[in-house]
Structure formats: structure tokens, C-alpha cells
Engineer: 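Following this message is one structure expressed as C-alpha cells.
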Amino acid sequence: MSNPLKQVFNKDRTFRPKRKFEPGTQRFELHKKAQASLNAGLDLKLAVQLPHGEDLNDWVAVNAVDFFNRINLIYGTISDSCTEQSCPVMSGGPKYEYRWQDDNRYRKPTALSAPKYMNLLMDWIEVQINNEGIFPTNVGTPFPKNFFQVVKKILSRLFRVFVHVYIHHFERIIHVGAEAHVNTCYKHFYYFVTEFNLIDNKELEPLKEMTLRMCH
């Protein structure tokens with residue numbers, strides 16, 4: 001990563017603490033393998049493929065956590081310009097508005113400002129990935145039957161962060177010199193979710209034209 005990007009993506013700007021993998025665990029080894037592929041400049045389409053002999057659930061879990069950390073960091077770089085005043089609605093342009101729903105306070109889809117939506121989203125994902133019943137860290141502990149259902153929801157909601165950042169804050173991304181980094185992260189994310197059918201096509205619609213230019 002170049003020096004300007006190191007300054008942009010430094011740990012002080014992270015939106016919240018990163019979820020790390022424990023050294024010595026199988027998940028940590030998979031994480032290192034995924035990072036090595038990226039650092040070696042491997043084609044992103046190949047980098048997302050399930051490594052030979054590895055478990056699909058483990059591979060998806062490791063990448064879901066990695067994407068959470070990275071997208072969290074990307075939002076952190078523009079969060080000072082994403083305010084109640086500038087973004088009173090969590091949207092992706094005039095055609096797409098995202099409403100928040102959870103099992104606690106917001107049981108019905110509720111219109112919120114973008115920063116409030118992002119805070120709730122990152123808190124919610126953090127709870128999911130730190131839940132041993134959903135993302136088990138011990139080798140041999142089985143993943144729950146609804147694991148893919150939860151991961152699809154996590155990744156679909158993370159995609160909405162890309163939508164909001166690209167449509168409403170891309171000038172800020174360019175201004176801080178992070179365009180290439182964000183584009184690479186997006187392509188990696190897109191190839192991963194399409195490789196394993198983790199996001200419905202209708203959810204991908206807001207960035208369809210950009211994705212065609214960037215990824216095909």
C-alpha cells in the first residue's frame with residue numbers, strides 16, 4: 001500500500017475495532033492464504049475460488065469477516081462527510097432507499113439517516129461474527145444450518161455501504177487518494193459474492209452499470 005493510502009487507511013480512522021483471527025487456528029491459516037493470494041497479485045476471480053481441500057463454510061466465514069473489516073475501514077474514511085445533514089436518508093441515489101430492520105428496536109423497516117443506519121449495521125454485523133453459535137472459532141465445531149442465510153444478509157447489507165459510498169461520497173474517496181483501493185476492494189467483493197451466489201441480483205442493481213465497466 002502506498003504511503004498516501006497508509007495515511008488514509010490508518011488504524012486510527014477505523015470505524016470500530018477489527019475482528020481478528022487467532023494465530024494457530026485453521027481460520028487464521030485460511031486468512032493468511034487469502035491474504036497471500038491478494039498480495040501476490042493473483043487475478044481476483046481466481047483469488048476468491050475455494051482453495052483445494054478447504055471447507056466452504058470456513059472459506060466463506062473468513063472472507064465475510066475480512067470484507068466487514070475492509071468495508072468498515074472504507075466507510076471510516078468518509079464518515080466525517082456522511083452526516084445527518086448531508087445524508088438524512090440511507091440511500092443509493094433517488095431510486096434506492098434502504099430501511100433498517102432488526103430483532104430489537106426496529107422490528108418494522110424504518111427510514112433512518114445514513115450515519116445512523118451505518119452504526120446500526122456495523123454493530124449488528126459485529127454481534128453476528130462474534131457469536132460462536134454462528135461463526136464458530138474452534139476446529140470441529142459445526143456451523144449452524146442457517147449459516148449461509150446469515151452470511152447472505154451480512155453481505156447484502158455490506159453491499160449497501162458500497163452503494164452509498166460510490167453514489168454519494170465518491171468525490172471524497174478521490175480527494176483522499178483512495179479510489180484505486182476502494183475499486184479493488186469492490187471488485188474482490190463482487191467476484192466473491194457472485195462466485196458463491198451470496199447476493200440476489202436485484203440487490204446488485206444500483207451499481208450494475210459501474211460493475212459492468214469495472215468487472216466484465
Side-chain angles (χ1 to χ4, degrees), residues 11-21 57 60-137 141-170 172-173 182 185-186 189 192-193 196-207:
K11 62 185 178 183
D12 297 328
R13 292 296 301 275
T14 307
F15 195 46
R16 63 193 58 239
K18 293 176 76 172
R19 162 76 191 265
K20 292 189 171 72
F21 300 101
N57 286 336
V60 169
V62 163
N63 280 278
V65 173
D66 269 345
F67 285 127
F68 167 65
N69 286 334
R70 289 187 206 176
I71 294 168
N72 182 15
L73 197 57
I74 288 170
Y75 182 69
T77 68
I78 61 93
S79 59
D80 56 351
S81 59
C82 183
T83 65
E84 300 281 333
Q85 290 72 38
S86 67
C87 305
V89 175
M90 173 56 183
S91 62
K95 283 178 67 178
Y96 300 96
E97 180 184 328
Y98 299 119
R99 300 191 170 202
W100 181 256
Q101 184 176 18
D102 56 31
D103 295 328
N104 301 314
R105 185 177 171 188
Y106 300 97
R107 292 182 178 269
K108 292 182 179 179
T110 306
L112 298 171
S113 68
K116 191 161 190 177
Y117 185 103
M118 295 294 186
N119 265 302
L120 287 166
L121 171 59
M122 299 305 179
D123 282 344
W124 176 80
I125 294 177
E126 204 165 15
V127 168
Q128 309 309 308
I129 64 178
N130 285 299
N131 183 339
E132 286 285 329
I134 301 172
F135 282 74
T137 53
T141 303
F143 284 83
K145 289 181 180 178
N146 69 334
F147 174 67
F148 263 78
Q149 184 183 335
V150 175
V151 167
K152 284 181 177 182
K153 195 167 187 178
I154 288 171
L155 294 173
S156 292
R157 286 179 162 182
L158 280 174
F159 180 78
R160 296 172 181 184
V161 181
F162 276 122
V163 174
H164 185 73
V165 168
Y166 269 118
I167 292 175
H168 296 282
H169 299 288
F170 199 61
R172 174 70 177 157
I173 291 293
V182 174
C185 186
Y186 176 73
F189 181 90
F192 185 80
V193 298
F196 301 106
N197 297 313
L198 295 170
I199 297 185
D200 292 338
N201 283 333
K202 67 177 183 181
E203 190 76 41
L204 298 171
E205 278 290 318
L207 297 180

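Scope of the values below: all heavy atoms of this structure, side chains included, with no hydrogens, waters or symmetry mates.
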Engineer: Contact between N63 and F196 at the side-chain level, heavy atoms closer than 4.5 Å - yes or no?
Structural biologist: no
Engineer: Of all heavy-atom pairs between P115 and C87, which one has the smallest distance, and what is that distance?
Structural biologist: CD-O, 3.8 Å
Engineer: Output the distance between atom CD1 (I154) and atom CD1 (I134), rounded to the nearest 0.5 Å.
Structural biologist: 7.0 Å
Engineer: Restricting to side-chain hydrogen bond (donor to acceptor under 3.5 Å, both in side chains), what partner residues turn up for Q101, sequence neighbours left out?
Structural biologist: none
Engineer: Please name all residues satisfying side chain to side chain contact (heavy atoms under 4.5 Å, CB included) with H168, sequence neighbours left out, ordered by chain then number.
Structural biologist: S91, H164
Engineer: Minimum heavy-atom separation for E126 and N130, please, with both atom names.
Structural biologist: O-ND2, 2.8 Å
Engineer: Please check if the side chain of D200 supplies one atom and the backbone of K202 the other of a donor-acceptor pair under 3.5 Å.
Structural biologist: no
Engineer: Report the residues that fulfil side-chain hydrogen bond (donor to acceptor under 3.5 Å, both in side chains) with S86, sequence neighbours left out, ordered by chain and then residue number.
Structural biologist: T83
Engineer: Is any side-chain heavy atom of C185 closer than 4.5 Å to one of F162?
Structural biologist: yes
Engineer: How close do N72 and M122 get, heavy atom to heavy atom, and via which atoms?
Structural biologist: CA-CE, 4.0 Å
Engineer: Just to verify, what does Y166 make a ring-ring contact (aromatic ring centres under 6.0 Å, His included) with, not counting sequence neighbours?
Structural biologist: F170, Y186
Engineer: Taking the side chain as everything from C-beta on, heavy atoms only, tell me whether Y117 gets closer than 4.5 Å to R160.
Structural biologist: yes
Engineer: Going by side chain to side chain contact (heavy atoms under 4.5 Å, CB included), name the residues that satisfy it together with N146, two or more places apart in sequence or in a different chain.
Structural biologist: P144, Q149, V150
Engineer: What heavy-atom pair brings L198 and K152 nearest, and what distance separates the two atoms?
Structural biologist: O-CG, 3.3 Å
Engineer: Only counting residues at least two apart or in another chain, list the ones meeting side-chain hydrogen bond (donor to acceptor under 3.5 Å, both in side chains) with D102.
Structural biologist: W100
Engineer: Residues two or more places apart in sequence or in another chain: which of them pass salt bridge (charged side-chain N to carboxylate O under 4.0 Å, His left out) with R157?
Structural biologist: none
Engineer: Nearest 0.5 Å, what's the CD1-CD1 distance between I78 and I173?
Structural biologist: 6.5 Å
Engineer: I need the E203 CD to Y96 OH distance, nearest 0.5 Å.
Structural biologist: 10.0 Å
Engineer: To the nearest 0.5 Å, how far apart are CZ in F135 and CG in N57?
Structural biologist: 10.0 Å
Engineer: Show me the pairs that pass salt bridge (Lys or Arg N to Asp or Glu O under 4.0 Å) and involve residues 84-94, at least two apart or across chains.
Structural biologist: none
Engineer: With a 4.5 Å limit on heavy-atom distance, are the side chains of V60 and F148 in contact?
Structural biologist: yes
Engineer: Just so I know, are the side chains of F68 and I71 near enough to count as touching, which here means a heavy-atom distance under 4.5 Å?
Structural biologist: no
Engineer: About how many Å separate CG of L158 and CZ of R70, when rounded to the nearest 0.5 Å?
Structural biologist: 12.0 Å
Engineer: E205: what forms a salt bridge (charged side-chain N to carboxylate O under 4.0 Å, His left out) with it, not counting sequence neighbours?
Structural biologist: K208
Engineer: Please name the pair of heavy atoms, one in Y98 and one in P206, separated by the smallest distance, quoted to 0.1 Å.
Structural biologist: OH-CG, 3.5 Å
Engineer: Is there side-chain contact between L121 and I125, with at least one heavy-atom pair below 4.5 Å?
Structural biologist: yes
Engineer: According to side-chain hydrogen bond (donor to acceptor under 3.5 Å, both in side chains), who are the partners of S156, at least two apart in sequence or on a separate chain?
Structural biologist: none
Engineer: Could you walk me through whether M90 and M118 pass the side chain to side chain contact (heavy atoms under 4.5 Å, CB included) test, one step at a time?
Structural biologist: CA-CA 8 Å; M90 173 56 183; M118 295 294 186; 3.6 Å; yes
Engineer: Answer yes or no: is there a side-chain heavy-atom contact under 4.5 Å between T110 and R99?
Structural biologist: no
Engineer: Got H169 and C82 here, is their nearest side-chain heavy-atom distance under 4.5 Å?
Structural biologist: yes
Engineer: Report the residues that fulfil side chain to side chain contact (heavy atoms under 4.5 Å, CB included) with V127, sequence neighbours left out, ordered by chain and then residue number.
Structural biologist: none
